[in-house]
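Structure record follows, encoded as structure tokens.
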Amino acid sequence: MSKGLKYTGFSLFITCIAAMGGLLFGFNTSIISGALLFLAKDFELTTFQEELIVSTLLLGALFGALMGGVIADKIGRKKTLFLTLFLFFIGVFILAQASGFHALLLGRLISGLAVGIVSMAAPLYIAEMAPAEHRGALVSFNQLAITLGILMAYVVSYTFASEGAWRAMFAFGYILIGAQFVGLFFVPETPSWLFSHNKKEVAEHVLHKIRHAQAEKHLVDLGKHEDVPTKKDWKELLKTDMRKPFLIGIGVAVLQSVTGINTVIYYAPNIFQAAGFDTAHTALLATVLVGIVNVAVTIVSLWLIDRIGRKPLLIAGLIGMALSLVLLGVAFLGSGEAAGLISLVALQLYVAFFAVSLGPVAWVLIAEVYPLGIRGRAMGIATFANWASNYIVALTFLSLIREWGVVGTFWLYALICFFGLWFVIKLVPETKGKTFEQIQNYWKK
Ligand code: BGC
């Protein structure tokens, strides 16, 4: 086997292990939609209690993301991944054993903390392990894992639905936790983190393992990070040359949520029923189709992101999402079979355009625009902004529909897509194929 192939093999292996964090993220955020139906019956939950159970995970994630950055900078990326597994385990344990509403809330909160931390720690780990020319695709593996986790949750819910076995739905999470736990023992800490914590020899050793002949060059690249602060300070984030990457990271993170993707991921069956799919069965099938389209197009994005680049994907994706949302609104203006069919097509198109643009690109960008010394915490803040806006969208979606109607709501998201387009064209630079060092030099200009 050639050196190049061997290197690619190990690199892919560590990426897959880290991306299992994405699998847990997707699974845990989506499994509730299936379980809730039965929980509500068993515990006689009110609608408000149901809403609380759904949204508490997002609240937990919001705090997890904020803490995750500091933790990842302090204890290292790999130990942070271990920590998330510990939290996932406790969360799943409490949920699968829950005997009432409060236990469910606690389980969702702890799972949420884990989701929040892993949503930044997994792409961070992968970005720091990846060579510049494949970084986009490798980080997008995590997005692929998120979409697979969502699809898995849809299928697991469907499988256990006939017996109403909601405890088994949650407990499926143990398998994913166990698999990543074993895998993590075989992956190293990232060279970037080791380097910034004065463990240069270990960093060199890891680089040789993952880069072979190119290790020297990469060590030199790491060494050129003169701006690695010895004392990690929040004030670093306020430096003049940090403002632009800071704004861009937060901007794309927020855009990912406020363009409405999770109204579809969390409420697809409701949307399909409103569009005229009269049985729960057909609405659920259409939802599974959403999950499949999401996975399939994300695979295409892995191929495109380091070839076409981040910016063209964002531009094309945002235009496509906006137009699909306009079409979705038009479908809701009509009625009957044709309207139902148009809404189905428009929704799948919308998900497809998201999956090839904002889905993977947002996580890739926020993992690569910040300098080494503050990367963890800066990413934590951007991820926090992602979850906070996600929380607001999830909380306001149903009220928006009540106040403005379905058409007005989707057209509002379309308008936000156009605003996002302006933001991307104006501010986001192309980072395809650039080393971390080249990206930092760009900000200094
Ligand atoms: C987003 C999630 C979303 C998922 C859908 C992720 O990148 O962060 O909020 O549910 O994509 O595939």
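In each ligand, atom 1 is the first atom listed, and ligand 1 is the first ligand listed. Here the structure is a predicted model, which means the values were calculated and not measured.
- Remark: ligand 1 atoms within the under-4.0 Å shell around heavy atoms of Gly359 are 7 (O).
- Atom numbering of ligand 1 starts at 1 in the shown order; those under 4.0 Å from a heavy atom of Asn294 are 5 (C), 12 (O).
- In this structure, Phe38 has its ring center no closer than 6.0 Å to that of Phe160.
- Among all protein heavy atoms, the one lying closest to atom 2 (C) of ligand 1 is Asn262 ND2, 3.9 Å.
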Evaluation steps, side chain to side chain contact (heavy atoms under 4.5 Å, CB included), between Met20 and Leu176:
CA-CA 7 Å; Met20 292 186 83; Leu176 306 181; 5.5 Å; no

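- The closest donor-acceptor contact from the side chain of Arg77 to the backbone of Ala121 lies at 3.5 Å or more, if one exists at all.
- A donor-acceptor pair is defined here as one N or O able to donate and one able to accept, closer than 3.5 Å; no such pair exists between the side chain of Tyr125 and the backbone of Ala19.
- For atom 8 (O) of ligand 1, the nearest non-hydrogen atom of the protein is Gln256 OE1, 2.9 Å.
- At a 4.0 Å heavy-atom cut-off, ligand 1 does not touch Thr298 at all.
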Verify side chain to side chain contact (heavy atoms under 4.5 Å, CB included) between Ile439 and Tyr442, making sure each step is shown before the conclusion.
CA-CA 5 Å; Ile439 297 173; Tyr442 173 83; 5.5 Å; no

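- For Thr147, no nitrogen or oxygen atom sits less than 3.5 Å from a nitrogen or oxygen atom of ligand 1, counting backbone and side chain alike.
- Defined by atom type and a distance below 3.5 Å, a donor-acceptor pair is missing between the side-chain atoms of Asn142 and Trp363.
- Per-residue contacts place Trp363 under 4.0 angstrom from the following atoms of ligand 1 (heavy atoms of the residue considered): 6 (C), 7 (O), 8 (O).
- Ring pair Tyr370/Phe436: centre-to-centre distance not below 6.0 Å.
- Less than 4.0 angstrom separates some heavy atom of Ile150 from each of these atoms of ligand 1: 5 (C), 12 (O).
- At the top of the distance list for atom 6 (C) of ligand 1, counting protein heavy atoms only, stands Gln143 OE1, 3.5 Å.
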